[in-house]
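Working notes, structure below.
For the single chain, residues carry numbers from 1 onward in sequence order.
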Amino acid sequence: MELGQSSSFSSNNVIWARLIPVDASDSEIELKLNETVICSKVKSLEKQAWCKIKRGVDLVSATIQNISSNTILVDEAVLLDEQTRTIKCGSEIALSLSSSEGSLKYRFEIMPAEEPCKRLKVSVDVEHAKCSICLNIWHDVVTVAPCLHNFCNGCFSEWLRRSQEKHSSVKCPECRAVVQFVGKNAFLHNIEN
């Protein structure tokens, strides 16, 4: 195990926080589990667990618990054996080792939460957003299947009424394919707005 490595294993590859070392020779520690024990090689290269970090329910903080006999400094406040403290993004954490080994120093960094899908913005050329019956921009747009041509609801309703009076099947006013289904197109209606 490398210096400052996390002892937890996870099939979840989402990193929610990191411990960034102040000394570039130390390894960065990635936190993937909601509760992680941090281990380091100390004295004679033995692995030693020194703290436990537990993700906060607010997702913007965590709790650190000292699980070693060494002193941990959290934002310059002393954290003794079994004590806990809340840490936030930017908190500085230092583990005091023996006088010959110095200390391990990290900055706690919470990864930005993945933003929910942003509302999709679609622009449609005005020339392609016209009803082929009235030749105006769609109003209360409907789509006919299987050809997927779009028309104003009022225009197509009138076309449908007149076609049913004269023919047994209704044909698309644009391509003359037999219409099997007509439905409001909420997606294009939102673009229309």
Do Val74 and Leu31 belong together in a cluster built from hydrophobic side chains that touch within less than 4.5 Å?
-> yes
Check whether any side-chain heavy atom of Arg162 lies under 4.5 Å from a side-chain heavy atom of Gln164, and answer yes or no.
-> no
Shortest non-hydrogen separation from Tyr106 to Val22 and the atoms involved = N-CG2, 4.2 Å
Looking only at heavy atoms, which two atoms of Ser169 and Val178 are closest? And how far apart?
-> CB-CG1, 4.2 Å
Is any NZ, NE, NH1 or NH2 atom of the basic residue among Glu158 and Arg161 found under 4.0 Å from an Asp or Glu carboxylate oxygen of the other?
-> yes
Say whether Ile133 and Val182 are linked into one hydrophobic cluster, either directly or through other cluster members, by side-chain heavy-atom distances under 4.5 angstrom.
-> yes
Exercise: identify the closest heavy-atom pair between Leu135 and Ser132 | CD2-O, 3.9 Å
Any donor-acceptor N or O pair under 3.5 Å, side chains Ser69, Asp81 = no
Shortest non-hydrogen contact from Val142 to Cys152?
-> CG2-O, 4.2 Å
Between Arg107 and Glu92, is the closest basic N to carboxylate O distance under 4.0 Å?
-> no
Does any non-hydrogen side-chain atom of Gln48 lie less than 4.5 Å from one of Asn70?
-> yes
Does Val78 share a hydrophobic cluster with Ile72, counting links as ILVMFWY side-chain heavy atoms below 4.5 Å and allowing steps through other members?
-> no
Just how far is it from atom CD1 of Ile64 to atom CZ of Arg85, taken to the nearest 0.5 Å?
-> 10.0 Å
Contact check, side chains of Phe108 and Asp75, non-hydrogen atoms, under 4.5 Å = no
How far does OG1 of Thr63 sit from CD of Glu35, to the nearest 0.5 angstrom?
-> 9.5 Å
Of all heavy-atom pairs between Thr86 and Ser61, which one has the smallest distance, and what is that distance?
-> CG2-CB, 4.1 Å
Heavy-atom closest contact (Lys105 atom, Ala94 atom, distance) | CG-CB, 3.8 Å
Separation of Ile67 CD1 from Cys51 SG (nearest 0.5 Å) | 6.5 Å
Under 3.5 Å, is there a donor-acceptor pair between the side chain of Trp16 and the main chain of Leu33?
-> yes
Using atom types as modelled and distance alone, determine if a side-chain donor or acceptor of Trp159 lies under 3.5 Å from a backbone N or O of Lys171.
-> yes
May I ask whether Ile29 and Leu79 are part of the same hydrophobic cluster, defined by side-chain heavy atoms of I, L, V, M, F, W, Y residues being less than 4.5 angstrom apart, directly or through others?
-> yes
Point-to-point distance, once rounded to the nearest 0.5 Å, from CD1 of Ile15 to CD of Glu30 = 3.5 Å
Euclidean distance, Phe156 CZ relative to Thr143 OG1, rounded to 0.5 Å = 10.5 Å
Output yes when a side-chain donor or acceptor of Ser91 lies under 3.5 Å from a complementary backbone atom of Lys88, and no otherwise.
-> yes
With rounding to the nearest 0.5 Å, note down the distance linking SG in Cys147 to CD in Gln180.
-> 9.5 Å
Treating Ile, Leu, Val, Met, Phe, Trp and Tyr as nodes and any side-chain heavy-atom pair under 4.5 angstrom as an edge, say whether Leu188 and Phe151 lie in one connected cluster.
-> no
Student check: side-chain heavy atoms of Thr71 and Leu80 closer than 4.5 Å = yes
Any side-chain donor-acceptor pair under 3.5 Å between Gln65 and Glu82?
-> yes
Would you call Asp140 and Lys184 a salt bridge, using N to O less than 4.0 angstrom?
-> yes
Sub-4.5 Å side-chain heavy-atom contact between Ile53 and Leu19 | yes
